[in-house]
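Scroll down for the structure; my scribbles are underneath it.
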Number of protein chains: 2
Amino acid sequence: MSLRYALLALLTAQPMTGYDVAKTFHSSVGHVWHAPDSQIYPELKRMELDGLIRGEDIARTSRAGNATKRLYGITEAGVAAFRQWMSVPTEYSAERNPAHLRAAYFEWADAASVRAQLLAHIEHWTEMREQWVGQLSSFADRSHPIFQKRLEISPPSEWPRITAWKMFAYEGLIAQADQQIAWAKKGLALEASLDNG
Amino acid sequence: MSLRYALLALLTAQPMTGYDVAKTFHSSVGHVWHAPDSQIYPELKRMELDGLIRGEDIARTSRAGNATKRLYGITEAGVAAFRQWMSVPTEYSAERNPAHLRAAYFEWADAASVRAQLLAHIEHWTEMREQWVGQLSSFADRSHPIFQKRLEISPPSEWPRITAWKMFAYEGLIAQADQQIAWAKKGLALEASLDNG
DNA sequence: GAAAACATGTAACCGGTTACATGATTCT
DNA sequence: AGAATCATGTAACCGGTTACATGTTTTC
């Protein structure tokens with residue numbers, strides 16, 4: 001159910017068409033809560049039915065053609081629902097960790113597989129880390145369009161608060177990635193010692 | 001699809017009834033890959049149909065009564081499938097992180113809610129940490145029944161390998177919990193500074 | 001004229017969640 | 001006799017995944 005609120009979060013910055021929601025989603029909230037386009041479009045429809053957002057058909061082209069696109073804006077009910085969601089405690093889902101599951105039984109894999117898995121783990125978390133670092137620096141240098149827009153529509157007195165939490169969230173994700181990378185490196189060392197020692 | 005392999009992992013130690021699988025699951029692999037009983041029983045049936053495990057009806061009671069229970073043992077095909085799975089690279093699912101999603105928008109929550117969320121985060125990961133530490137010490141002092149059984153059926157030359165990977169996996173989870181707790185504590189400090197400073 | 005980007009989905013499937021259902025055996 | 005624990009599920013639902021479908025407008 002978080003997708004709905006991730007979308008609301010995005011739409012608190014500015015009204016957008018479904019296409020723009022999807023696109024900016026992938027380069028903002030999507031780094032924390034992934035969703036494919038095929039989930040975003042239907043969810044927007046449902047959110048409109050539930051009154052959280054309001055859709056308006058607007059012309060898709062400047063001159064000829066009669067195609068339209070739908071511009072979604074958050075409603076007061078949507079803002080209220082988002083605020084409400086922000087104040088209720090997070091539900092933690094039960095642990096389900098494929099990498100650690102495998103690692104616990106690495107004695108069943110040969111040395112090459114173990115190394116490959118650990119290297120893939122490092123690669124995966126390095127990529128994640130890069131994405132998050134990229135987000136973080138685009139907050140810092142104000143090159144992040146949605147974040148920029150968010151600041152523009154907020155009173156300057158709120159800027160430190162908005163910025164601080166955003167950085168806090170992404171720094172946490174980066175620390176998480178660092179920890180995963182460090183763990184996998186320890187695993188590579190362990191593999192080497194089991195192999196030779 | 002990992003549940004299937006988590007169950008196979010468990011059954012490499014010894015044959016068990018569905019009930020025992022479910023019970024020991026919750027106090028072993030279940031700490032890395034959670035599943036409710038309602039998922040375990042049907043999956044065992046499917047695994048038997050697929051020839052990964054073999055089920056045998058045995059008497060449930062020593063004397064009177066004619067009730068039976070089903071004892072499942074891993075087959076050669078099951079062992080092969082498990083080994084195969086251990087050698088293919090892990091698939092990483094896209095990031096979906098409810099706590100960090102919220103944190104990125106904490107400016108929408110009041111101070112009390114923020115504090116409550118962060119404290120709940122600390123509580124959650126402290127509980128997880130305790131579970132994992134418990135597992136780890138039960139490997140160390142040989143009080144973990146499944147782990148003990150696993151060593152018994154393995155040649156002593158394999159014991160260091162088996163033990164080392166198990167500890168590696170759980171130490172990684174503990175480090176993860178520590179990192180989450182540290183992050184939330186930084187959040188509490190940040191909240192205080194935004195509030196007063 | 002073709003390719004890229006805009007724009008919006010549907011359908012089938014699958015794994016996981018939640019709630020409920022039922023009966024047998026053993027222990028006190 | 002009643003409680004605990006053994007023993008095994010079913011059914012409805014729901015969110016997410018994967019693959020596919022289709023047409024328009026803009027840009028080169």
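Residue numbering restarts at 1 for every chain, and letters A, B, ... go by the order of the sequence lines.
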Completion exercise
Ranking dT18(D), dG15(C), dA7(D) by distance to the side chain of Tyr41(B), first place goes to dA7(D)

Practice task
Enumerate the residues from residues 93-100 of chain A whose closest heavy atom to DNA chain D is under 4.0 Å, giving them by residue number; use none for an empty result.
Solution key: none

Problem - Check: Ser28(A) side chain, Thr24(A) main-chain N or O, donor-acceptor pair, under 3.5 Å - result: yes

Exercise for the section: Name the closest nucleotide to the Ala67(A) side chain, picking from dG16(C), dT17(D), dT25(D). Expected result: dT25(D)

Exercise for the section: Look at the side chain of Ser2(B) and the backbone N and O of Pro98(A), then say whether any donor-acceptor pair between them is shorter than 3.5 Å. Expected result: no

Fill in the blank from the handout: Between Lys23(B) and Lys45(B), the residue closer to the 5' end of DNA chain D by nearest nucleotide is Lys23(B)

Completion exercise
Against the side chain of Arg60(A), the closest entry in dT8(C), dC6(C), dG23(C) is dC6(C)

Exercise for the section: Answer with yes or no whether Ser38(B) presents, from its side chain, a donor or acceptor under 3.5 Å of a partner atom in the base of dT17(C). Expected result: no

Contact list (N/O, under 3.5 angstrom) for nucleotides 12-14 of chain C vs protein:
none

Handout entry: OP1 or OP2 of dC6(C) under 4.0 Å from side-chain N/O of Lys69(A)
Key = no

Problem - Cationic N near anionic O, under 4.0 Å, Asp50(B) to Arg4(B) - result: yes

Handout entry: Cation-aromatic face contact Arg161(A)/Trp108(B), 6.0 Å, 45 degrees
Key = no

Fill in the blank from the handout: With five pairs defining each end axis, the helix from dG1(C)-dC28(D) to dT28(C)-dA1(D) comes out bent, to 10°, by 20°

Exercise for the section: Find the distance Ile40(A):CD1 to dG16(D):P and express it as a whole number of Å. Expected result: 11 Å

Handout entry: Donor on one side chain, acceptor on other, Arg150(B) and Thr12(B), under 3.5 Å
Key = yes

Problem - Short side-chain to backbone donor-acceptor contact, Trp159(A) and Leu151(A), under 3.5 Å - result: yes

Exercise for the section: Output yes when at least one side-chain N/O atom of Tyr19(B) is less than 4.0 Å from OP1 or OP2 of dC6(D), else no. Expected result: yes

Handout entry: For atom CZ of Arg4(A) and atom C1' of dG16(D), their distance in whole Å
Key = 15 Å

Handout entry: Lys45(B) charged N/C atom sitting above Tyr72(B) aromatic ring, 6.0 Å / 45°
Key = no

Practice task
Classify the side-chain pair His31(A)/Glu95(B) by whether it contains a donor and acceptor separated by less than 3.5 Å.
Solution key: no

Problem - Polar side-chain atom of Gln84(B) near backbone of Val79(B) as donor-acceptor pair, under 3.5 Å - result: no

Practice task
Check each of Gln176(A), Gln179(A), Gln180(A) against Gln176(B) using the side-chain hydrogen bond (donor to acceptor under 3.5 Å, both in side chains) test, and report the only one that passes.
Solution key: Gln180(A)

Exercise for the section: Group every Ile, Leu, Val, Met, Phe, Trp and Tyr by side-chain heavy-atom contacts under 4.5 Å, then state whether Leu118(A) and Tyr92(B) land in the same group. Expected result: yes

